[in-house]
Amino acid sequence: MLDIVVLAAGKGTRMKSDLPKVLHPIAGKPLLQHVLDTSQKLGESELIVVVGHGAESVKTRVAAPKLKFVDQTEQLGTGHAVQQTLTHLRDDAVVLILYGDVPLIAADTLQSMVDQVTHFDMALLTVLLADPTGYGRILRNAENHIVAIVEQKDANPAQLAIQEVNTGVMAVKGALLKRWLPELSNDNAQGEYYLTDIIALASRDGITVKGIHPASELEVLGVNNRRQQAELERYYQKTNADQLMEAGVTLLDPYRFDVRGEFQCGHDVIIDVNCVFEGTVSLGNNVVIEPNCILRNVTLGDNVLVKANSHLEDTRVENNCEIGPYARLRPGTVLKDNAKIGNFVETKKTTVGVGSKINHLSYVGDASLGEGVNIGAGTITCNYDGVNKFKTTIGNRVFVGSNTALVAPVTLADDATIGAGSIITKDVEAQELAIARAKQRNITGWAKPTKK
Ligand code: UD1
Ligand code: MG
């Protein structure tokens, strides 16, 4: 039985922000949400988050199954924070205590802590730091057993020299935690109820505290300011990039590759520099993404080429398509096999049929295009009257000449042809040629103006 308590009531003064600290993102996701997602990997558990500063926004901006919030209206210390959860904790559960601002803690590390509590009554995650400043120091006795934690502000010079520090993560039997929490006092340098004081109580009661180290020191780093936030962001992105490269993805520069969400891809994928992937992104085999592209909630099939500086959102692309450079595919865009979108083309809520092309300088919105359509440069669907949106329906093999305005609602049937420069306001039937522009007039012997 597992009860997980996440402390997230602190203000995060050093972030210098109106946003509660635990809502600041790493990889596009709130710090606290990272902790909640990791805790889900430990299987069935109760999940309690202690909130205080910005409680209302924290409650609405994170989610997890069976999540409960407990308010700590005054932040009187980490021990006080856990005291607020006492009535929710089960005697026979292992209670795992986490911090909402330590986002990259690994599930494996947490699992090994929980596992230790079946042999020992308590496990504490500690780490050796070259510079331990600011952290609580771990005190061990002659037998090398952990006997207490002393906070930086309460430590004497000898204790300050200790490099083993408290990460804050601990796992302990519920009944013991419930016994010790009411005994905490705030008689210390900060006038706070320190959770860390329960270690001395464990030692008093003859309970062994098993010290565990994380696989990587970075797992236990907290975010207290924007600099640390950026450091953890880079670490997260690099770790993710390394995993993808090991899985066979070519990243021209793993330091200029950012995933903010779920990313998956097939084999022989090449991603050039400065690309950002947000939301849920899935790439097929042999996909090439040129520099400076942003893909948000996008699915690409096999053999797709996305040329430089393209921006794709809520878009689905089938196989053998080519996009960009400088394309903007907005939500609701679907490209069928072999479709082609060229430079300075914007699409929205539009399906482009098999082998159809919109190669240059166009806006196509609320439209459906059949197969083998060619949309000339500078074609605009006039889909909006200022209040309502209207649809443009284009059949198979339609040819739209350059600089055409298609005033929706309008339908161009199969094999229709539109003369360049037309403003099309009426439907065009199959195989018709429509030309809707002023007739050209040539005036002979035209005298050019002269300079006055
Ligand atoms: C704490 C530990 C210290 C450890 C360090 C690791 C204590 C007394 N000290 O110190 O040994 O080395 O973390 O980072 O526990 N919080 C609440 N309510 C409160 C106070 C804090 O929810 O009243 C939350 C904060 O939001 C934060 C976490 O608890 O997520 C830790 O609090 P913080 O003030 O950062 O503790 P530290 O002084 O860093
Ligand atoms: Mg801290």
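Counting convention: from 1, in listed order, for ligands and their atoms alike. Here, residue 1 is the first one in the sequence, and each next residue gets the next number.
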Worksheet item: Do Val5 and Leu89 touch side chain to side chain, with heavy atoms closer than 4.5 Å?
Response: yes
Worksheet item: Just by distance, do the side chain of Asn292 and the backbone of Ala308 share a donor-acceptor pair under 3.5 Å?
Response: no
Item to complete: With heavy atoms under 4.0 Å as the rule, classify the contact between Lys21 and ligand 1 as side chain, backbone, both or neither.
Response: neither
Worksheet entry | Heavy-atom nearest neighbour of atom 23 (O) of ligand 1 within options Gly77, Gly12, Ala81 | Gly77
Practice prompt. Tell me which part of Gln72 gets within contact of ligand 1: side chain, backbone, both or neither, using heavy atoms under 4.0 Å.
Written response: side chain
Discussion item. Using salt bridge (charged side-chain N to carboxylate O under 4.0 Å, His left out), reason through Asp366 and Lys348 one step at a time and then give a plain yes or no.
Written reply: CA-CA 6 Å; Asp366 299 302; Lys348 185 215 71 173; 3.0 Å; yes
Practice prompt. Look only at interatomic distance and state if Glu151 has a nitrogen or oxygen under 3.5 Å from any nitrogen or oxygen of ligand 1.
Written response: yes
Discussion item. Looking at ligand 1, would Val50 count as a contact under a 4.0 Å heavy-atom criterion?
Written reply: no
Discussion item. Under a 4.0 Å threshold between the charged nitrogen and the carboxylate oxygen, would Glu278 count as salt-bridged to Arg260?
Written reply: yes
Discussion item. Any nitrogen or oxygen of Ile149 lying under 3.5 Å from a nitrogen or oxygen in ligand 1? Just yes or no.
Written reply: no
Worksheet item: Do any nitrogen or oxygen atoms of Gly136 lie less than 3.5 angstrom from nitrogen or oxygen atoms of ligand 1?
Response: yes
Item to complete: Check for a donor-acceptor pair, side chain of Thr381 on one end and backbone N or O of Asn383 on the other, with a separation under 3.5 Å.
Response: no
Worksheet entry | Arg234/Glu231 ion pair, N-O < 4.0 Å | no
Worksheet entry | Ser185 side chain to Asp187 backbone, donor-acceptor under 3.5 Å | yes
Worksheet item: Can you find an N/O atom of Asn166 closer than 3.5 Å to an N/O atom of ligand 1?
Response: yes
Worksheet item: Which ligand 1 atoms, with their elements, are less than 4.0 angstrom from a heavy-atom of Thr167?
Response: 6 (C)
Discussion item. Side chain or backbone, does Leu7 bring an N or O within less than 3.5 Å of an N or O on ligand 1?
Written reply: yes
Worksheet, complete the sentence: Here the pair of heavy atoms bringing Asp314 nearest to Val298 is N-CG2, 4.3 Å
Worksheet item: So, does Thr250 use its side chain to make a donor-acceptor pair with the main chain of Ile270 at under 3.5 Å?
Response: no
Practice prompt. Pick one of side chain, backbone, both or neither for how Ala9 approaches ligand 1, counting any non-hydrogen atom pair under 4.0 Å.
Written response: both
Practice prompt. Give the numbers and elements of all ligand 1 atoms closer than 4.0 Å to a heavy atom of Thr78.
Written response: 7 (C), 8 (C), 15 (O), 20 (C), 21 (C), 29 (O), 31 (C), 32 (O)
Worksheet entry | Test item: side-chain donor near acceptor, Glu233 and Gln229, under 3.5 Å | no
Discussion item. Looking at ligand 1, would Ala8 count as a contact under a 4.0 Å heavy-atom criterion?
Written reply: yes
Item to complete: Considering the heavy atoms of Tyr135, write down every atom of ligand 1 situated less than 4.0 Å from one of them.
Response: 6 (C), 12 (O), 14 (O)
Discussion item. Assess whether a salt bridge exists between Asp71 and Lys59, defined as any Lys/Arg side-chain N lying under 4.0 Å from an Asp/Glu carboxylate O.
Written reply: yes
Worksheet item: Which ligand 1 atoms, with their elements, are less than 4.0 angstrom from a heavy-atom of Thr196?
Response: 7 (C), 8 (C), 9 (N), 11 (O), 15 (O)
Discussion item. Checking contacts here: is it the side chain or the backbone of Val102 that comes within 4.0 Å of ligand 1, counting heavy atoms only? Could be both or neither.
Written reply: neither
Worksheet item: N/O of Tyr194 under 3.5 Å from N/O of ligand 1, yes or no?
Response: no
Worksheet item: Judged by non-hydrogen atoms, does Gly52 sit under 4.0 Å from ligand 1?
Response: no
Discussion item. Regarding Lys153 and Glu192, does a basic nitrogen lie under 4.0 Å from an acidic carboxylate oxygen?
Written reply: no
Discussion item. Below a 4.0 angstrom heavy-atom separation, can you tell me which part of Val165, side chain or backbone, both or neither, approaches ligand 1?
Written reply: neither
